[in-house]
Novice: 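Take a look at this one; I'll ask things after.
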Amino acid sequence: ELTDEFVDELTRESRIGLDLTQLKLPFDLMRPKDKGGEYVSRVRLREANIDERIGIADILVNWQQLPIQAGDEAYR
């Protein structure tokens with residue numbers, strides 16, 4: 001799920017000439033603070049549907065410390 005803030009950031013980047021279809025944006029996944037706040041893994045955004053506010057990412061298994069769970073949060 002993509003937040004409005006993230007979509008706004010992508011929109012700003014595309015206005016300065018970045019080809020968003022070519023970006024393979026990495027993100028760190030963290031458990032929410034109320035569930036321990038631990039580092040989970042790193043993922044790379046592969047595809048994003050801006051209108052539906054949803055993205056598909058590949059898990060970078062070499063970075064994985066914990067199994068990914070629903071509710072984990074991505075940070076760039």
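Residue numbers count from 1 along this sequence.
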Novice: Can you tell me how far the CD atom of E73 sits from the CD atom of E1, to the nearest 0.5 Å?
Specialist: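 Between E73 CD and E1 CD, I get 11.0 Å after rounding to 0.5 Å.
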Novice: Looking at CZ of R53 and CG of L2, how far apart are the two atoms once the value is rounded to the nearest 0.5 Å?
Specialist: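 Those atoms lie 8.0 Å apart.
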Novice: With a 4.5 Å limit on heavy-atom distance, are the side chains of R76 and L25 in contact?
Specialist: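 A side-chain contact exists here, since the closest heavy-atom pair is under 4.5 Å.
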Novice: Using a 3.5 Å distance criterion without hydrogens, assess whether the side chain of Q64 forms a donor-acceptor pair with backbone atoms of L66.
Specialist: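 Yes, because the side chain of Q64 sits within donor-acceptor range (under 3.5 Å) of the backbone of L66.
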Novice: Which atoms form the tightest heavy-atom contact between G71 and P32, and what is the distance?
Specialist: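 G71 and P32 have their closest heavy atoms at O-CG, 3.3 Å.
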Novice: Between CZ of R31 and CD1 of I68, what distance do you get to the nearest 0.5 Å?
Specialist: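 Nearest 0.5 Å value for the CZ-CD1 distance: 8.5 Å.
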Novice: Could you grab the distance from atom CH2 of W63 to atom CG of L29, nearest 0.5 Å is fine?
Specialist: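 So the gap between those two atoms works out to 12.0 Å.
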Novice: Locate the shortest heavy-atom distance separating R42 from D28; write the atom from each residue and the value.
Specialist: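 Heavy atoms of R42 and D28 come nearest at NE-OD1, 2.9 Å.
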Novice: Which value, rounded to the nearest 0.5 Å, describes the distance between R44 atom CZ and I59 atom CD1?
Specialist: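 Going from the CZ atom of R44 to the CD1 atom of I59 covers 13.0 Å.
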Novice: When clusters are formed by joining ILVMFWY residues with side-chain heavy atoms under 4.5 Å apart, either directly or through shared neighbours, do V40 and Y75 land in the same one?
Specialist: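 Unlinked, V40 and Y75 end up in two clusters.
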Novice: Please report the shortest heavy-atom distance between G55 and L45, naming the atom on each side.
Specialist: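 Minimum heavy-atom contact is CA-CD1, 4.1 Å.
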Novice: Which ring pair (Phe, Tyr, Trp, His ring centres under 6.0 Å) pairs, counting each pair once, include a residue from residues 27-48, with sequence neighbours left out?
Specialist: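 Matches after skipping sequence neighbours: F6-F27.
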